[in-house]
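On a predicted model such as this, the values are computed, not experimentally measured, just so you know.
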Amino acid sequence: MQPLIDNARTFGQRPEEFAKLAEGQSPQVLFITCSDSRVVPALITGARPGELFELRTAGNIVPPYASEHPTSEAATIEYAVEVLGVRDIVVCGHSHCGAVGALVRGDDLDAVPAVRDWLNHATPRPAGAAEDPAVAEGVQSHVLAQVLRLRSYPFIDKKLAEEQLTLHAWYYEVHTGAVRVHRTESDAFEGL
């Protein structure tokens, strides 16, 4: 913890770098990814403060849209699209994902009921080889399912129809740093 505290002490000693951030934000991208500490969107993309609007959830799960009982995730997505006017949404899964790995293996999660109930939002269950520690196939199929889930949000469907929004499916390899994007032409994840 001490190195983090030390950095936080010196971080605020450059006010000139941050003054413009007080004027507001206008990110062009909503980046939906896992809350895993090895996944750092700004590091992966090179984004500076104010350039990415982030939504981090266990397993980068996009819950079903429900207007009568909205989730904080749905509110974040709606705010990004309708208020901030983001033009792109990236759903980025990652190798060695504990959440997706648990789903692929069918792990017993009764000891962590909140995790178990959250992961129930990840339907259909990701396909993939349970013996693969990177759970690459499982994560990639899961990312595509989350992109499909986004299409069920009415405001996203509307923006897609108006060609004012683009959805992207990414896969990040924590063990190499490589990023792959899903190409619809080949129906495969390929290097950027």
Approximate separation, where rounding is to 0.5 Å, of F31 CZ and N60 CG = 9.5 Å

Which pair of heavy atoms, one from A134 and one from Y171, lies closest together, and at what distance?
-> O-OH, 3.9 Å

How close do R125 and L103 get, heavy atom to heavy atom, and via which atoms?
-> NE-O, 2.6 Å

Minimal heavy-atom distance between P70 and S67, with the atoms involved, is CD-O, 3.6 Å

Any side-chain heavy atom of Y65 sitting closer than 4.5 Å to one from P154?
-> yes

Test side-chain contact (heavy atoms from CB on, under 4.5 Å) on I32 and L150 and set out the steps.
-> CA-CA 11 Å; I32 301 172; L150 280 171; 4.2 Å; yes

Going by an N to O cut-off under 4.0 Å, is there a salt bridge joining E23 and K20?
-> yes

Do Y172 and D36 come close enough that some side-chain heavy atom pair is under 4.5 Å?
-> no

Looking only at heavy atoms, what is the nearest atom pair of S95 and H175, with distance?
-> OG-ND1, 3.3 Å

Can you check whether A136's main-chain N or O pairs, donor with acceptor, with D132's side chain at less than 3.5 Å?
-> yes

On a heavy-atom basis, the closest approach of E54 and A42 is OE2-N, 4.4 Å

For the pair R38 (side chain) and H96 (backbone), establish whether a donor and an acceptor sit closer than 3.5 Å, ignoring hydrogens and angles.
-> yes

With a 4.5 Å limit on heavy-atom distance, are the side chains of C34 and R56 in contact?
-> no

Inspect the surroundings of CD in E162 and state if more than 12 heavy atoms from other residues, nucleotides or ligands are less than 6.0 Å away.
-> yes

Indicate, with yes or no, if V147 and F155 share a hydrophobic cluster defined by side-chain heavy-atom contacts under 4.5 Å among Ile, Leu, Val, Met, Phe, Trp and Tyr.
-> yes

Table please: side-chain donor-acceptor pairs of residues 76-89 below 3.5 Å, with sequence neighbours left out.
unit_1	atom_1	unit_2	atom_2	d
T76	OG1	S72	O	2.9
D88	OD1	H168	NE2	2.7

Apply side-chain contact (heavy atoms from CB on, under 4.5 Å) to E73 and V62, showing your working.
-> CA-CA 7 Å; E73 296 81 15; V62 175; over 6 Å; no

Under a single-linkage definition using a 4.5 Å side-chain heavy-atom cutoff for Ile, Leu, Val, Met, Phe, Trp and Tyr, are V139 and L55 assigned to the same hydrophobic cluster?
-> yes

Are E190 and R180 within salt-bridge range, i.e. N to O under 4.0 Å?
-> no

Got V100 and H94 here, is their nearest side-chain heavy-atom distance under 4.5 Å?
-> no

What residues, two or more places apart in sequence or in another chain, satisfy ring pair (Phe, Tyr, Trp, His ring centres under 6.0 Å) together with F189?
-> H182

Heavy-atom pair with the smallest gap, counting every atom of P133 and E131 | CD-O, 3.2 Å

Is there a donor-acceptor pair under 3.5 Å between the side chain of R149 and the backbone N or O of H121?
-> yes

Transitively linked via ILVMFWY side-chain contacts under 4.5 Å: L109 with V104?
-> no

Got a list of side-chain donor-acceptor pairs under 3.5 Å for residues 111-119, not counting sequence neighbours?
unit_1	atom_1	unit_2	atom_2	d
R116	NH1	D110	OD1	3.1
W118	NE1	A58	O	2.9

So do the side chains of T57 and T33 get within less than 4.5 Å of each other, counting heavy atoms only?
-> no

dist L167:CG -> K159:NZ (nearest 0.5 Å) comes out at 13.0 Å

Identify whether V29 and L165 are in the same connected component of the hydrophobic contact network (ILVMFWY, side-chain heavy atoms under 4.5 Å).
-> no

State, with a plain yes or no, whether a side-chain heavy atom of L52 is found less than 4.5 Å away from one of P27.
-> no

Transitive ILVMFWY side-chain link L30 to V181, under 4.5 Å | no

